[in-house]
Amino acid sequence: MAKHEYSYYPGCSSQTGASSSNLMRSVDTMCEELDVKLNEIPDWNCCSASIGYGKGSVLPRMSLSARNIALSEEHNPDQDIVATCAACWLSTKEASERLHEDEDMFKDVNTALAEANLKLNNKTPIRHMAEVLIEDIGFDALKEGVKKPLEGIKIAGYVGCQTNRPFGIAGESFENPMYLDHLVDALGGDSLPTYEKKVQCCGGALAFSEPEKSQEMIHGIIEAAYDNGADMIVTPCPLCQANVEIYQDEINAKFGSKFEMPVVYYSQLISVAYGRNSKDAALDGQLVKAKKLEDIAG
Amino acid sequence: MSLNTAMVEKYRNNFIKEVAGNVEEGDWVRMCMQCGVCAGSCPLGDAWEHTPQEIFMLIRANKRDEVLKSDSMWMCTSCYNCIVRCPRELPITHIMHGLASYAKKLGLAPKENPTQWFTEVFWENMMKKGRVNELKLGLSLYFKDGFAAGIKEAMAHQKLGMNMMKAKRMAPMEILGGHGVNDLSGLQKMIKKAQDIENERLEANAK
Ligand code: SF4
Ligand code: SF4
Ligand code: SF4
Ligand code: SF4
């Protein structure tokens with residue numbers, strides 16, 4: 001039996017062929033290494049993220065998250081739900097908390113769920129993969145498994161918004177969370193704790209609908225990484241990763257910059273440091289190649 | 001009578017009561033002490049015609065149209081800066097989402113605002129399959145201003161699309177179907193029920 005076992009909510013953007021499929025692949029590798037077993041919630045649905053609200057009002061949105069929790073409680077009983085997408089984690093945890101506080105809404109949601117023959121007990125903790133790494137495994141244990149330290153790579157830890165607010169990781173501050181820096185250090189890399197844009201918003205879903213305004217913020221996020229001497233950026237959030245990585249050509253054309261900054265996931269750093277190859281770490285999924293990581297991974 | 005007219009008649013000059021009774025977390029607006037912390041927290045701050053602080057003030061001042069027709073709420077990136085900073089612990093993000101969705105329900109949301117449009121496309125895309133089809137979502141975004149503009153937009157991002165495909169992060173076959181939930185009819189019935197409960201309540205409130 002695996003050392004740790006969870007009910008897994010992968011989210012739309014992590015599916016095969018979707019924009020964050022490199023997150024999914026590297027998470028699989030990382031979990032193999034850490035002896036973590038993820039049991040996907042059968043027939044999970046989209047949570048509607050932080051953008052569905054305009055058309056989908058409160059109760060429909062709560063029902064979407066409730067359906068995932070109910071399915072998890074039915075098929076993966078007694079397992080914490082773990083999400084890798086910041087927005088998935090946030091909407092699911094938010095729904096769970098609000099349905100605890102608001103009894104009428106809890107009743108309404110169960111009336112809606114009955115249409116799909118489901119019932120919500122709402123007894124399941126909703127957690128982020130970062131919490132699993134920090135709280136259930138711990139930096140010391142993570143450090144012990146390192147086979148190829150990320151020596152000489154300077155890595156800016158970009159936490160973003162939704163992994164950090166409103167819930168965040170226990171013991172961390174909203175304005176200056178340190179866990180990505182601790183993780184980089186544990187893996188033998190060089191953290192850049194003075195990186196000042198670590199919790200700057202990238203525009204989130206508004207990167208699609210308000211591209212000019214968002215790209216200005218993304219420009220600042222990358223520029224600050226260069227100013228701090230970073231070789232690459234690491235992030236826990238799939239939308240942050242996509243937003244900061246994929247528009248660099250457009251940003252260069254607009255701002256006259258020459259950005260070519262790799263943006264990777266923590267799960268890719270761990271996979272490489274644990275001795276896995278570039279393919280297992282999904283480094284082939286990068287638009288801006290993370291050469292220094294590839295060199296170590298081989 | 002439209003829902004909007006019914007609400008105007010019902011709550012005559014008491015917009016804060018209308019918000020408290022019909023908008024997600026709207027009863028919290030009364031708790032705002034106008035300290036201004038949230039006003040400095042929005043990442044797209046310059047683009048907000050009225051900051052959250054101002055919106056709460058305008059609600060008290062009965063400026064119904066000015067609030068509901070504003071594109072301000074649609075500038076919210078859901079960054080949750082305001083929520084963790086507000087000394088009165090108002091769930092500001094949710095109130096912004098709630099005001100936006102209420103304005104849209106009443107037909108007052110600014111039609112030319114791209115985010116109010118995107119949120120609708122996102123929701124509809126998701127409801128068809130239970131999961132989001134990113135390729136279709138991207139394409140409909142390009143074509144929002146019509147066919148000619150769409151081609152231009154798609155061309156401008158062509159290199160990005162090609163790169164994503166090469167990196168296997170955009171599957172062209174998705175346009176033919178793609179990912180979805182198995183119990184789609186159960187999911188859709190569930191959402192329909194949730195919407196019915198909510199709409200019945202709104203209509204009862206408007207009487
Ligand atoms: S947050 Fe994004 S990826 Fe996660 S389920 Fe919702 S829409 Fe899908
Ligand atoms: S940084 Fe961007 S993508 Fe990440 S959580 Fe914030 S808005 Fe979302
Ligand atoms: S921070 Fe809170 S109390 Fe202060 S103006 Fe904003 S909503 Fe009102
Ligand atoms: S969550 Fe929305 S309202 Fe709050 S600070 Fe961010 S953008 Fe502004």
Side-chain angles (χ1 to χ4, degrees), chain A residues 12-13 15-22 43-46 48-60 62-64 67 87 90 108-109 111-118 161-162 164-166 168 174 200-201 203-206 208-210 213-214 217 246-247 249-250 284-287, chain B residues 24 43-44 47 74-75 77-81 83-85 93 97-98 100-102 104-105 109 113-120 122-124 126 130-132 134 137-138 141 157 159-160 163-164 167-171 173-174 178-179 181-183 186-187 189-195 197-198:
Chain A
C12 312
S13 52
Q15 301 168 94
T16 313
S19 61
S20 311
S21 45
N22 48 341
D43 211 34
W44 59 266
N45 55 266
C46 175
S48 95
S50 308
I51 193 63
Y53 66 82
K55 189 72 184 173
S57 37
V58 201
L59 204 53
M62 292 296 138
S63 308
L64 283 172
R67 181 178 178 275
L90 174 60
D108 290 344
V109 159
T111 309
L113 277 177
E115 297 284 316
N117 298 317
L118 289 167
C161 320
Q162 296 194 344
N164 184 42
R165 298 181 298 263
F174 293 129
Q200 160 74 48
C201 178
L206 271 66
F208 301 103
S209 52
E210 297 281 3
K213 299 183 181 83
S214 302
M217 298 195 286
I246 68 182
Y247 300 114
D249 283 348
E250 296 185 23
D284 54 347
Q286 301 302 117
L287 293 194
Chain B
E24 177 175 0
L44 296 183
W74 299 100
M75 296 292 160
T77 62
S78 309
C79 74
Y80 288 77
N81 259 331
I83 285 203
V84 300
R85 290 179 185 164
T93 317
H97 292 179
S101 128
Y102 185 60
K104 199 162 167 66
K105 237 179 203 165
N113 176 278
T115 302
Q116 71 84 24
W117 185 88
F118 181 48
T119 181
E120 182 162 345
F122 185 98
W123 182 263
E124 257 137 41
M126 180 194 73
R131 293 183 191 171
V132 169
E134 291 181 319
L137 194 62
L141 199 66
H157 296 274
K159 183 158 171 245
L160 176 56
N163 285 342
M164 292 289 278
K168 295 203 181 58
R169 283 164 60 184
M170 196 196 248
M173 292 311 279
E174 253 199 50
H179 309 276
V181 302
N182 295 323
D183 183 22
L187 179 99
K189 274 191 270 175
M190 170 191 87
I191 294 295
K192 170 90 179 32
K193 187 76 187 173
Q195 283 166 336
I197 296 175
E198 218 167 58

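No hydrogens, no waters, no symmetry mates; every other heavy atom, side chains included, goes into these values. In what follows, every chain begins at residue 1, and chains take the letters A, B, ... in the order their sequences are listed. Computed from a predicted structure; not experimentally measured.
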K.L.:
In terms of heavy-atom pairs under 4.5 Å with chain A, which of B:Gln195, B:Glu120, B:Lys104 leads?
P.N.:
B:Glu120
K.L.:
Evaluate the side-chain proximity of B:Ser78 to A:Gln162: yes if any heavy-atom separation is below 4.5 Å, no if none is.
P.N.:
yes
K.L.:
Let me know if A:Leu113 has heavy atoms under 4.5 Å from chain B in its side chain, its backbone, both or neither.
P.N.:
both
K.L.:
Could you pull out all residues at least two apart from B:Lys189 that satisfy salt bridge (Lys or Arg N to Asp or Glu O under 4.0 Å)?
P.N.:
none
K.L.:
Could you check if a side-chain atom of A:Val58 sits within less than 4.5 angstrom of a side-chain atom of B:Glu198, using non-hydrogen atoms only?
P.N.:
yes
K.L.:
Atom CD of A:Glu210 and atom CE of B:Met75: how far apart are they, to the nearest 0.5 Å?
P.N.:
4.0 Å
K.L.:
Any non-hydrogen side-chain atom of A:Leu118 less than 4.5 Å from a side-chain atom of B:Met190?
P.N.:
no
K.L.:
For the atom pair CZ (A:Arg165) and OG1 (B:Thr93), what is the distance rounded to the nearest 0.5 Å?
P.N.:
9.5 Å
K.L.:
What are the two closest non-hydrogen atoms of A:Ala205 and B:Phe118, and how far apart are they?
P.N.:
O-CE2, 3.7 Å
K.L.:
Which heavy atom in A:Gly54 sits nearest to a heavy atom in B:Thr119, and how many Å separate them?
P.N.:
N-OG1, 3.0 Å
K.L.:
Using heavy-atom distances under 4.5 Å, tell me whether B:Lys105 contacts chain A through its side chain, its backbone, both, or neither.
P.N.:
side chain
K.L.:
Quick one, A:Arg67 and B:Asp183 - any side-chain contact, counting heavy atoms below 4.5 Å?
P.N.:
yes
K.L.:
Atom CG of A:Asn164 and atom OH of B:Tyr80: how far apart are they, to the nearest 0.5 Å?
P.N.:
13.0 Å
K.L.:
Quick check on the interface: out of B:Glu124, B:Arg85, B:Gln116, B:Lys192, who has the most heavy-atom pairs with chain A under 4.5 Å?
P.N.:
B:Arg85
K.L.:
Atom OG of A:Ser57 and atom CD of B:Glu24: how far apart are they, to the nearest 0.5 Å?
P.N.:
8.5 Å
K.L.:
Using side-chain heavy atoms (C-beta onward) and a distance below 4.5 Å, is A:Ser209 in contact with B:Trp74?
P.N.:
no
K.L.:
Using a cut-off of under 4.5 Å for heavy-atom pairs, which of A:Pro60, A:Ala116, A:Ser63 has the most such pairs with chain B?
P.N.:
A:Pro60
K.L.:
In terms of heavy-atom proximity below 4.5 Å to chain A, should B:Asn113 be classed as side chain, backbone, both, or neither?
P.N.:
side chain
K.L.:
My understanding is that only one of B:Val84, B:Ile83, B:Asn81 makes a side-chain contact (heavy atoms from CB on, under 4.5 Å) with A:Phe174; could you say which?
P.N.:
B:Val84
K.L.:
Applying side-chain contact (heavy atoms from CB on, under 4.5 Å) to A:Met217 and B:Leu44, what does each step give before you reach the verdict?
P.N.:
CA-CA 9 Å; A:Met217 298 195 286; B:Leu44 296 183; 3.5 Å; yes
K.L.:
Counting only N and O atoms by type, is there a donor-acceptor contact under 3.5 Å from the side chain of A:Asp43 to the main-chain atoms of B:Asn182?
P.N.:
yes
K.L.:
Using heavy-atom distances under 4.5 Å, tell me whether A:Leu90 contacts chain B through its side chain, its backbone, both, or neither.
P.N.:
side chain
K.L.:
To check you understand the geometry: which heavy-atom pair defines the closest contact between B:Thr77 and A:Cys201, and what is its length?
P.N.:
OG1-SG, 3.3 Å
